[in-house]
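Quick notes on the structure that follows.
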Amino acid sequence: DGLSTSYARRGACDARGDYLAPASPETLVALQQRICIQFRDEALLRTAITHPSYSNEHPDEDDRDNERLEFLGDAALGLVVAEALYQSFPDEEEGHLTEWRSQLVMGATLARIAAELDLGSALRLGAGEEMTGGRERSRNLERVYEALVGAILLDQGLEVARDFIHRTMAEEFDALHADSAVINPKGALQQLAQGEHGRPDYILIEERGPEHAPEFAVEVQISGETLGRGTGASKQLAEKQAARQALEVMRSRTREALN
C-alpha cells in the first residue's frame, strides 16, 4: 500500500538537543540522526542546507547553494507522491489524484514538515537573511526540504529517498486515508478559488466561552459572499471547518454547472 499508515511518524528519530552552529560537524551529525539517514557524501548534505544568501556572501567558498538540489528534489517528490496515490487509490479518477498530489506537495505542507524536522536550525544563511527571520521563513523551509530530498536521492538512491518521503509525510498520508475529500481544506479552497473567484477571506465573527475553553466562530467569504462557517477550540480549527463547507458549496455549484 503506497500510503500505508505504518510509516514511522515524524520525530521518531529526533535527536534534537542544544543549539549547534549551522553546518558545524555536530550539526550535520544531529541532522542525520533526526532524519535517520547517514550520508556517504556529507558535502551533498551541506549543499542542501545552504541558502543562496549564504553563497552570495561567501563567494570564496566552494559550496553551491541548494537551488539545483531543490529542483531535483521537487521532481523526485512529485514522482513518489504520484506513485503512492496511484497505487493506493486504483479506482480514483485522475482529477482527484491531481488535486491530492498538489495538496501533499504544496509549499505550506512542506514547510510544516521541515519545521517539525527542525531543518531551519541547520540552514546556512547570509547575515541579512538570518536577521530577518530566515530560519522560520516558509519559503526557506519548503526549499530546504526539497533540497534534502534531492541530496538523499543522489547520495542513497531512489528507494531511500522514497522511504524518507513516506516517513516524513506519514501524517499527511494518514489524513488523506481518514478524509480523502480534502487533506488541507484551506489550501484546497484557495487553489479552487484562485484566478476566477479571488482569495478566500476568513473573518472571526465570535469568540465565546471561558479562557481555559474558548470557542471561535469563523466564516469564509469569497468575492464578498459567505460560503462557509465553522466553529472550533482555535481559530485555525474553525477556519478549517469553514473551508470544508465552502469547498462543498463550490464543488456542488461546479457539478450543477456541468449537468
Side-chain angles (χ1 to χ4, degrees), residues 1-14 31-32 34-41 44-52 64-89 92 94-120 122-123 136-177 180 182-184 186-188 190-191:
D1 186 339
L3 297 181
S4 170
T5 57
S6 64
Y7 292 126
R9 309 299 292 182
R10 288 202 284 273
C13 298
D14 195 341
L31 177 55
Q32 290 172 92
R34 280 204 299 283
I35 65 176
C36 315
I37 294 173
Q38 180 69 45
F39 272 72
R40 300 185 182 98
D41 181 3
L44 279 169
L45 179 59
R46 192 177 300 109
T47 300
I49 61 175
T50 300
H51 189 270
R64 290 177 175 267
D65 63 45
N66 62 9
E67 288 184 322
R68 283 170 54 85
L69 284 177
E70 176 194 354
F71 162 78
L72 181 62
D74 175 66
L77 182 64
L79 169 64
V80 170
V81 170
E83 175 189 53
L85 291 170
Y86 182 86
Q87 293 175 346
S88 297
F89 299 95
E92 200 59 60
E94 180 270 341
H96 285 159
L97 297 179
T98 298
E99 179 184 345
W100 295 341
R101 181 186 60 187
S102 296
Q103 292 172 32
L104 283 166
V105 303
M106 69 189 302
T109 302
L110 302 185
R112 184 173 64 250
I113 294 171
E116 293 182 14
L117 291 170
D118 197 24
L119 299 185
L123 276 170
E136 293 78 38
R137 187 164 291 125
S138 294
R139 178 67 181 110
N140 293 345
L141 293 173
E142 171 194 352
R143 74 193 310 169
V144 72
Y145 179 84
E146 290 178 330
L148 185 57
V149 170
I152 293 169
L153 176 65
L154 291 179
D155 190 73
Q156 305 277 327
L158 181 57
E159 286 306 312
V160 176
R162 179 185 285 113
D163 176 71
F164 173 75
I165 293 167
H166 285 169
R167 284 192 290 109
T168 56
M169 299 190 77
E171 292 179 17
E172 283 67 34
F173 293 158
D174 287 351
L176 179 56
H177 275 286
S180 61
V182 60
I183 309 165
N184 177 353
K186 292 180 66 177
Q190 183 168 327
Q191 286 190 344

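All values below were derived from every heavy atom in this structure, side-chain atoms included, with hydrogens, water molecules and symmetry-related copies excluded.
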message: Restricting to non-hydrogen atoms, name the atom on A115 and the atom on L141 that form the minimum distance, rounded to 0.1 Å.
response: CB-CD1, 4.1 Å
- request: To the nearest 0.5 angstrom, please state how far the CZ atom of R143 sits from the CG atom of L119.
  value: 14.0 Å
field: Interatomic distance, E172 atom CD to L110 atom CG [nearest 0.5 angstrom]
entry: 8.5 Å
Partners passing salt bridge (Lys or Arg N to Asp or Glu O under 4.0 Å) against R139 (at least two apart in sequence or in another chain): E70, E142
- prompt: Less than 4.5 Å apart, any side-chain heavy atom of V149 and any of V80?
  reply: no
- line: Distance col, row R167:CZ vs I35:CD1, nearest 0.5 angstrom, shows 7.5 Å
message: Keeping S102 on the side-chain end and T98 on the backbone end, is there a donor-acceptor pair under 3.5 Å?
response: yes
- prompt: What pairs with A151 under side-chain contact (heavy atoms from CB on, under 4.5 Å), at least two apart in sequence or on another chain?
  reply: F39, L44, A48, L69
query: What's the spacing between R112 CZ and E171 CD if we round to 0.5 Å?
result: 8.0 Å
task: State, with a plain yes or no, whether a side-chain heavy atom of T47 is found less than 4.5 Å away from one of D65.
output: no
message: Return the CE to CG distance between M169 and L77, rounded to the nearest 0.5 Å.
response: 5.5 Å
statement: ring-ring contact (aromatic ring centres under 6.0 Å, His included) filter on F164, not counting sequence neighbours, yields Y145
message: Evaluate V144 against I49 for side chain to side chain contact (heavy atoms under 4.5 Å, CB included), listing each step before the verdict.
response: CA-CA 6 Å; V144 72; I49 61 175; 4.2 Å; yes
query: Under 3.5 Å, side chain of Q156 to main-chain N/O of Q38, donor-acceptor pair present?
result: yes
- prompt: Residues two or more places apart in sequence or in another chain: which of them pass side chain to side chain donor-acceptor pair (under 3.5 Å) with N140?
  reply: H51, E129
- prompt: Once you round to the nearest 0.5 Å, how far does CZ of R68 lie from CG of L154?
  reply: 9.5 Å
- prompt: Does R137 CZ have over 12 foreign heavy atoms under 6.0 Å away?
  reply: yes
- request: Kindly write out the residues that satisfy salt bridge (Lys or Arg N to Asp or Glu O under 4.0 Å) with E159, not counting sequence neighbours, or none if the list is empty.
  value: R162
Which atom of L97 lies closest to which atom of L85, heavy atoms considered: O-CD1, 3.6 Å
- prompt: Between W100 and V81, is any pair of side-chain heavy atoms under 4.5 Å apart?
  reply: no
query: Among I37, D155, I152, L148, whose side-chain contact (heavy atoms from CB on, under 4.5 Å) with L45 holds?
result: L148
- prompt: Checking R64 side chain against T50 main chain: does a donor-acceptor pair fall under 3.5 Å?
  reply: no
query: Can you list the residues that meet the side-chain contact (heavy atoms from CB on, under 4.5 Å) rule with A82, with sequence neighbours excluded?
result: R101
statement: Tightest non-hydrogen contact, residues A122 and L31, listed as CB-CD2, 4.1 Å
